[in-house]
Amino acid sequence: MSQAASTAPGVPDANRWRALVFIALAQLMVVLDATIVNIALPSAQQDLGISDGNRQWVVTAYALAFGGLLLFGGRIADLWGRKRAFVIGLTGFAAASALGGAATTGAMMFGARALQGVFGAMLAPAALSLLAVMFTDAKERAKAFGIYGAIAGGGGAVGFILGGVLTEYLDWRWTFFVNIPFAVVAALGAYFVIREPEGGRNRNPLDIPGVLLSTLGLVSLVYGFTRAESDGWGDSLTVGLFVASVVFLLAFVVTEARVKAPLLPLRVVTDRNRGGIYLSLGIAIIAMFGTFLFLTYYLQVVKGFSPIKTGFAFLPMIAGMMVGSTQIGTRLMTRVPARALMGPGFLVASVGMLLMTQLEIGSSYASTILPAMVLLGLGMGTAFMPAMSLATLGVEPRDAGVASAMVNTSQQVGGAIGTALLNTIAASATTSYIKDHIAGATSKPQQQLVALQGQVHGYTNAIWFAVGMLVLAAVIVVTLVNAGTPGSTTVSGSEEGAEDDLAVPVVAH
């Protein structure tokens with residue numbers, strides 16, 4: 001890739017902190033993109049003449065490509081090298097963003113979003129696995145993952161602000177074009193600064209059946225939840241997609257257990273700590289994504305906030321995430337076991353969520369939403385940081401890309417499930433509330449009030465479900481994650497064929 005592109009095994013890279021800047025920048029771009037486009041969607045829909053029935057594809061095309069190809073992207077990073085996959089992913093993401101910003105038809109927009117998803121699926125696992133193989137000292141790793149975790153958690157809310165500003169003062173097309181400078185700076189920085197440790201590649205031939213089955217299974221699952229949200233859980237295609245997803249994913253597990261060089265070595269997910277992390281993260285994200293959506297609608301529709309004001313209303317949560325991730329998580333991760341941070345973190349977030357169940361039409365932002373957001377941010381920041389680190393700690397370097405891809409996959413699938421599931425719960429609660437109360441509303445203002453009360457009732461019902469999800473995530477962590485504090489011991493991978501593996505820190509069981 002470039003001169004001195006790799007360092008000797010076990011030797012810390014002198015440029016690792018500078019490399020973190022560019023890795024974090026790329027992560028910020030991917031996370032921003034997830035929310036920034038939502039703000040611009042109404043304007044883009046109008047300009048491009050996209051029907052109400054098809055507008056979901058602006059979000060769905062990206063989610064399907066990104067979620068479906070993450071495991072493949074992680075394996076490509078292990079095969080080609082993380083640095084190469086990272087730079088190619090950034091370049092492709094920038095090109096796809098330029099195409100989206102220049103779109104003249106709905107079809108062109110959908111194609112650009114799918115392409116963004118394809119390159120995002122290569123970029124995201126490469127970024128996380130670069131951190132995993134570059135930061136091997138326990139304290140340094142804690143600090144690096146604290147910064148990464150804060151960006152991963154808080155970046156989405158920044159997208160609301162940036163999306164609002166760009167759409168309101170410039171044009172919706174800038175929500176796509178803004179990715180280009182991010183990508184160019186991160187790609188150039190990565191090319192000249194990142195030196196990937198030697199000996200960590202997985203040069204086994206690509207597991208084509210595994211790629212096809214995992215992609216089909218994940219795409220069916222994500223699309224099934226997307227369809228459930230718009231067409232209902234009883235829709236024949238929705239049910240068919242869920243059945244297909246189960247069949248494909250079971251066939252994938254059977255295939256991975258038998259092939260010599262699997263796409264996802266089962267050792268990555270059967271480890272109780274990593275398995276517990278993937279499961280708890282996915283469940284926590286279900287709660288988070290749905291709540292983001294309800295809070296956005298509550299602030300804009302019920303309270304009448306502008307898109308920019310709504311974005312700024314999320315800032316206390318970002319601040320909480322930053323503090324939880326870089327201060328609490330980073331300082332305590334090398335002193336206490338991961339579950340002693342993750343379990344309480346999810347419970348603190350659930351208390352914040354519990355405050356949001358008290359929302360009414362006249363609720364004050366300062367007395368109800370502000371403390372809820374701070375607690376939610378603090379809890380999630382504290383929990384995310386050790387989760388990101390532990391999910392890739394002790395994994396063989398040849399599996400680092402795939403282990404990182406599983407973190408992203410659990411978040412992506414959790415996001416798709418959260419949006420669909422919580423929306424359905426909210427919609428049915430709203431419908432039944434309006435049905436029960438509309439008879440007493442004789443004038444138009446009274447009917448409008450009942451409709452708004454019904455919406456808020458729907459939101460709070462769904463948020464109660466989110467509280468339960470966060471408590472469940474805490475229970476899973478306490479039950480499954482039994483890793484101690486990261487020690488300074490390093491071991492080489494002992495699996496057959498791992499003779500060239502890089503020594504990495506392991507956690508004491």
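For reference, positions follow the sequence shown, starting with 1. Everything numeric in this text was worked out from a predicted model, so none of it was measured.
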Rounded at 0.5 Å granularity, tell me how far [atom1] in [X] sits from [atom2] in [Y].
{"X": "L422", "Y": "M288", "atom1": "CG", "atom2": "CE", "result": "12.5 Å"}
{"X": "M380", "Y": "F346", "atom1": "CE", "atom2": "CZ", "result": "5.5 Å"}
{"X": "M322", "Y": "M317", "atom1": "CE", "atom2": "CE", "result": "11.5 Å"}
{"X": "Q116", "Y": "F66", "atom1": "CD", "atom2": "CZ", "result": "11.0 Å"}
{"X": "T215", "Y": "F248", "atom1": "OG1", "atom2": "CZ", "result": "10.5 Å"}
{"X": "M109", "Y": "R173", "atom1": "CE", "atom2": "CZ", "result": "7.0 Å"}

Do any N or O atoms from the side chain of [X] and from the backbone of [Y] form a donor-acceptor pair under 3.5 angstrom?
{"X": "T430", "Y": "G454", "answer": "yes"}
{"X": "Q45", "Y": "I50", "answer": "yes"}
{"X": "N482", "Y": "N273", "answer": "no"}
{"X": "R113", "Y": "A65", "answer": "no"}

Show which side-chain atoms of residues 252-261 pair as donor or acceptor with protein atoms under 3.5 Å away, not counting sequence neighbours.
from : atom 1 : to   : atom 2 : distance (Å)
T255 : OG1    : A251 : O      : 2.7
E256 : OE1    : L263 : N      : 2.7
E256 : OE1    : L264 : N      : 2.8

Quick one, [X] and [Y] - any side-chain contact, counting heavy atoms below 4.5 Å?
{"X": "Y191", "Y": "L90", "answer": "no"}
{"X": "I277", "Y": "M406", "answer": "no"}
{"X": "V211", "Y": "R75", "answer": "no"}
{"X": "L70", "Y": "L218", "answer": "no"}
{"X": "M342", "Y": "F384", "answer": "no"}
{"X": "L123", "Y": "M29", "answer": "yes"}

Grab the two heavy atoms, one from [X] and one from [Y], that are nearest each other, plus how far apart they are.
{"X": "L99", "Y": "M108", "result": "CD1-CE, 3.7 Å"}
{"X": "A372", "Y": "M356", "result": "CB-CG, 3.7 Å"}
{"X": "F119", "Y": "G89", "result": "CB-O, 3.5 Å"}
{"X": "R339", "Y": "V478", "result": "NH1-O, 3.1 Å"}
{"X": "W233", "Y": "T238", "result": "O-CG2, 4.2 Å"}
{"X": "A287", "Y": "M469", "result": "CB-CB, 4.0 Å"}

field: Residue pair W464, I425: steps toward the side chain to side chain contact (heavy atoms under 4.5 Å, CB included) verdict
entry: CA-CA 10 Å; W464 270 112; I425 292 167; over 6 Å; no

Would you be so kind as to tabulate the donor-acceptor pairs closer than 3.5 Å made by side chains of residues 175-188, with sequence neighbours excluded?
from : atom 1 : to   : atom 2 : distance (Å)
T175 : OG1    : W172 : O      : 2.6
N179 : ND2    : D33  : OD1    : 3.0
N179 : ND2    : S97  : OG     : 3.1

